[in-house]
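Report on one structure; see the data block that follows.
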Amino acid sequence: MSILITNIKELLQVRDTNITIVKGKDMKTLPILKNAYVLIEHDTIVEFGCMDDFESLEADEVIDAKGKIVLPAWCDSHTHIVYAGDRTQEFVDRINGLSYEDIANRGGGILNSAETLQNTSEDDLYAQAAKRLREVIKLGTGAIEIKSGYGLTVEAELKMLRVIKRLKFDFPIHIKPTLLAAHAIPKAFKNNKDGFIELVVNEMIPAVANEKLADYIDVFCEKGYFDLEDTNRVLSAGIKHGLTPKIHVNQFNAFGGVSLGVKHNALSVDHLEELSDDDINALQQSQTMPVALPSCSYFLSIPYTPGRKIIDAGLPLALATDYNPGSTPSGNMNFVVSTACIKMKLTPEEAINAATINGAYAMGISNLYGSICRGKKANLIITKELPNYYHLPYAFGDNAIETVIINGEKY
Ligand code: NIG
Ligand code: FE
């Protein structure tokens with residue numbers, strides 16, 4: 001099967017050489033070809049160029065993209081889309097004055113989702129997650145990371161990760177599974193956090209590694225959840241079992257989690273709504289990707305990650321949704337890109353780099369995803385007719401997407 005897309009008004013993120021990350025000032029550059037074409041064979045981008053230089057190419061299907069923008073599908077490197085039910089009551093409670101912390105302190109929040117998930121069958125959980133995944137693909141997501149973390153028992157964490165494995169098998173998009181082993185202290189361990197860490201280290205991580213159900217190990221490193229020592233123990237155990245760290249850190253408090261992540265060569269450190277100069281310094285000495293989750297800030301009314309500060313310090317930045325029932329019930333990367341521009345003052349070019357190539361880096365797949373490059377996977381978004389690509393972040397809330405191509409096939 002081959003597809004030729006012709007007359008593309010603007011072809012974004014087109015790279016002659018295969019880059020895998022964009023940092024600092026370079027994030028302001030988003031290479032564009034105007035009046036362009038792309039040729040896809042099977043699941044791969046094989047050629048692109050300007051229509052002026054176009055010599056007739058054979059293809060099974062030709063898509064005329066006159067007036068339309070084509071760009072790489074979004075790479076969403078941080079989600080929790082496998083969950084059961086919702087937390088709408090907590091949403092209303094927050095409107096009425098309770099904070100995210102208040103709700104967690106009275107046994108709601110993550111523990112609420114864990115209880116629901118433990119009482120949900122694997123098939124039901126799969127059906128709920130599959131529906132969300134279908135929706136985010138239609139919104140242009142072409143590669144995604146999915147975390148466990150609402151199980152909080154060995155059995156329920158395995159259930160979540162088996163659902164992710166089934167999604168990997170059934171869906172065409174690239175899926176990276178993460179064991180979010182220490183997400184909250186379960187009720188059964190309320191006064192015995194160490195006992196829970198022992199369970200994670202001695203049973204949960206080995207069981208997951210044994211079934212090869214995860215690539216990454218994650219911890220919610222935060223006051224009231226897991227401190228530096230806990231995080232260190234869980235990450236070390238994960239690494240021993242071949243899992244790479246990607247951590248939740250600095251969502252509400254900055255107390256050294258970023259440096260700890262860097263020390264363990266974390267692939268990414270995510271959230272960073274609070275960020276100290278020490279954190280910036282640590283990141284400057286690392287290969288670790290900082291990841292911002294602006295939809296979470298929007299939904300919880302907490303500060304936005306200081307993306308400008310991060311990029312201006314010469315660092316890379318990725319953007320992801322954090323799709324989950326408590327802090328971000330939305331998997332819309334278009335909204336993320338728009339919000340990053342509006343609230344974090346990223347330029348459209350920076351935001352699109354952050355949501356494509358750098359998102360792919362934060363999943364360890366930027367050699368094959370996240371830019372329009374010969375030999376890379378044909379995961380593309382074709383928009384409706386638009387005046388220019390600024391309209392993607394500018395017309396926030398609009399659905400600008402007409403077609404999504406995943407692995408060389410229309411979704
Ligand atoms: O990334 N902060 C920790 N974990 C999730 C939210 C969990 C929840 O509230 O269900 C997050 O925001
Ligand atoms: Fe998260």
Positive for side chain to side chain contact (heavy atoms under 4.5 Å, CB included) with Ser148, one of Val163, Leu158, Leu180: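 Option passing the side chain to side chain contact (heavy atoms under 4.5 Å, CB included) with Ser148: Leu180.
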Quick one: does [X]'s side chain have a donor or acceptor within less than 3.5 Å of a partner on [Y]'s backbone?
| X | Y | result |
| --- | --- | --- |
| Ser286 | Thr288 | yes |
| Arg94 | Ile103 | no |
| Ser366 | Ala362 | no |
| Asp398 | Ala400 | no |
| Gln287 | Asn265 | no |
| Glu157 | Gly149 | yes |
| Lys159 | Gly151 | no |
| Asn353 | Met27 | yes |
| Tyr216 | Met363 | yes |
| Thr347 | Lys28 | no |

Let me have the donor-acceptor pairs involving side chains of residues 35-49, under 3.5 Å, with sequence neighbours excluded, atom names and distances please.
{"from": "Asp43", "atom 1": "OD2", "to": "Lys377", "atom 2": "NZ", "distance (Å)": "2.6"}
{"from": "Glu47", "atom 1": "OE1", "to": "Arg374", "atom 2": "NE", "distance (Å)": "2.6"}
{"from": "Glu47", "atom 1": "OE1", "to": "Arg374", "atom 2": "NH2", "distance (Å)": "2.9"}

So, for [X] and [Y], which heavy atoms are closest and what is the spacing to 0.1 Å?
| X | Y | result |
| --- | --- | --- |
| Val82 | Leu117 | O-CD1, 4.2 Å |
| Tyr369 | Lys376 | O-NZ, 3.1 Å |
| Phe54 | Leu57 | CE1-CD1, 3.9 Å |
| Ala129 | Leu167 | CB-CD1, 4.1 Å |

Separation between OG1 of Thr20 and CG of Asn367, rounded to the nearest 0.5 Å: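 Between Thr20 OG1 and Asn367 CG, I get 8.0 Å after rounding to 0.5 Å.
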Student check: side-chain heavy atoms of [X] and [Y] closer than 4.5 Å:
| X | Y | answer |
| --- | --- | --- |
| Ser2 | Glu58 | no |
| His271 | Asn250 | no |
| Leu275 | Ile280 | yes |
| Thr383 | His391 | no |
| Cys221 | Phe255 | yes |
| Ile185 | Lys190 | no |

Sorted by first residue and then second, give each salt bridge (charged side-chain N to carboxylate O under 4.0 Å, His left out) pair with at least one member in [range]; sequence neighbours left out.
| range | answer |
| --- | --- |
| residues 102-114 | Asp93-Arg106 |
| residues 114-124 | Glu115-Lys187, Glu122-Arg166, Asp123-Arg166 |
| residues 271-282 | Asp277-Lys309 |

Set of residues satisfying side chain to side chain contact (heavy atoms under 4.5 Å, CB included) with respect to Ala182, sequence neighbours excluded: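 With sequence neighbours excluded, Ala182 shows a side chain to side chain contact (heavy atoms under 4.5 Å, CB included) to Val219, Phe226, Val234, given in chain and number order.
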Ala184: partners by side chain to side chain contact (heavy atoms under 4.5 Å, CB included), with sequence neighbours left out: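 For Ala184, the residues satisfying side chain to side chain contact (heavy atoms under 4.5 Å, CB included) (neighbours in sequence not counted) are Ile110, Leu111, Leu152, Tyr225.
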Lys193/Asp227 ion pair, N-O < 4.0 Å: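 Counted as a salt bridge, because a side-chain N and a carboxylate O are separated by less than 4.0 Å.
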Salt bridge flag under 4.0 Å for residues Arg162 and Glu211: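 Here Arg162 pairs with Glu211 in a salt bridge, since their nearest N and O are under 4.0 Å apart.
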Residues Ile5, Leu380; criterion side chain to side chain contact (heavy atoms under 4.5 Å, CB included); working and verdict: CA-CA 11 Å; Ile5 312 173; Leu380 303 173; 3.8 Å; yes
Greater than 12 external heavy atoms within 6.0 Å of Phe91's CZ: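 No.
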Heavy-atom neighbours of Lys384 NZ exceed 12 at 6.0 Å: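 Enclosed.
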Per-pair distances, 0.1 Å, donor-acceptor, side chain in residues 314-326, under 3.5 Å, sequence neighbours excluded:
{"from": "Thr321", "atom 1": "OG1", "to": "Asp76", "atom 2": "OD1", "distance (Å)": "3.4"}
{"from": "Thr321", "atom 1": "OG1", "to": "Asp76", "atom 2": "OD2", "distance (Å)": "2.6"}
{"from": "Thr321", "atom 1": "OG1", "to": "Tyr323", "atom 2": "N", "distance (Å)": "3.1"}
{"from": "Asp322", "atom 1": "OD1", "to": "His78", "atom 2": "NE2", "distance (Å)": "2.8"}
{"from": "Asp322", "atom 1": "OD1", "to": "His80", "atom 2": "NE2", "distance (Å)": "3.0"}
{"from": "Asp322", "atom 1": "OD2", "to": "Ser327", "atom 2": "OG", "distance (Å)": "3.4"}
{"from": "Asn324", "atom 1": "OD1", "to": "Gly326", "atom 2": "N", "distance (Å)": "2.7"}
{"from": "Asn324", "atom 1": "OD1", "to": "Ser327", "atom 2": "N", "distance (Å)": "2.7"}
{"from": "Asn324", "atom 1": "ND2", "to": "Asp322", "atom 2": "O", "distance (Å)": "2.6"}
{"from": "Asn324", "atom 1": "ND2", "to": "Ser327", "atom 2": "OG", "distance (Å)": "2.8"}

Worked verdict on Val249 versus Leu260 for side chain to side chain contact (heavy atoms under 4.5 Å, CB included): CA-CA 10 Å; Val249 70; Leu260 181 65; over 6 Å; no
Exercise: do Asp64 and Asn7 side chains pair donor with acceptor under 3.5 Å: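 There is such a pair between these side chains.
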Pairs satisfying side chain to side chain donor-acceptor pair (under 3.5 Å), at least one member in residues 135-147, at least two apart: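 Checked against side chain to side chain donor-acceptor pair (under 3.5 Å) - neighbours excluded - the pairs reaching residues 135-147 are Glu145-Lys147, Glu145-Thr178, Lys147-Asp218.
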Check against side chain to side chain contact (heavy atoms under 4.5 Å, CB included), Ile164 and Leu213: CA-CA 8 Å; Ile164 301 173; Leu213 288 172; over 6 Å; no
Could you list the donor-acceptor pairs under 3.5 angstrom formed between side-chain atoms of residues 334-345 and any protein atom two or more places apart in sequence or on another chain?
{"from": "Asn334", "atom 1": "OD1", "to": "Trp74", "atom 2": "NE1", "distance (Å)": "3.0"}
{"from": "Asn334", "atom 1": "ND2", "to": "Leu139", "atom 2": "O", "distance (Å)": "2.9"}
{"from": "Asn334", "atom 1": "ND2", "to": "Asn332", "atom 2": "OD1", "distance (Å)": "2.9"}
{"from": "Ser338", "atom 1": "OG", "to": "Pro393", "atom 2": "O", "distance (Å)": "2.4"}
{"from": "Thr339", "atom 1": "OG1", "to": "Phe335", "atom 2": "O", "distance (Å)": "2.7"}
{"from": "Lys345", "atom 1": "NZ", "to": "Ile342", "atom 2": "O", "distance (Å)": "3.4"}

List the atom pairs, donor and acceptor, that lie under 3.5 Å between side-chain atoms in residues 402-411 and the rest of the protein, sequence neighbours left out.
{"from": "Glu402", "atom 1": "OE1", "to": "Lys68", "atom 2": "NZ", "distance (Å)": "2.7"}
{"from": "Asn407", "atom 1": "ND2", "to": "Pro172", "atom 2": "O", "distance (Å)": "2.8"}
{"from": "Lys410", "atom 1": "NZ", "to": "Glu61", "atom 2": "OE2", "distance (Å)": "2.7"}

From CA spacing to verdict: side chain to side chain contact (heavy atoms under 4.5 Å, CB included), Ile146, Met160: CA-CA 10 Å; Ile146 309 176; Met160 289 188 79; over 6 Å; no
Do any side-chain atoms of residues 290-298 form donor-acceptor pairs under 3.5 angstrom with protein atoms, and if so which ones, sequence neighbours left out?
{"from": "Ser297", "atom 1": "OG", "to": "Pro303", "atom 2": "O", "distance (Å)": "2.9"}

By side chain to side chain donor-acceptor pair (under 3.5 Å) - contacts of Tyr389 (at least two apart):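 Counting only residues at least two positions away or on another chain, Tyr389 forms a side chain to side chain donor-acceptor pair (under 3.5 Å) with Glu349.
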Option among Lys246, Lys176, Lys165 that satisfies the salt bridge (charged side-chain N to carboxylate O under 4.0 Å, His left out) test with Asp215: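 In the set Lys246, Lys176, Lys165, the residue that makes a salt bridge (charged side-chain N to carboxylate O under 4.0 Å, His left out) with Asp215 is Lys176.
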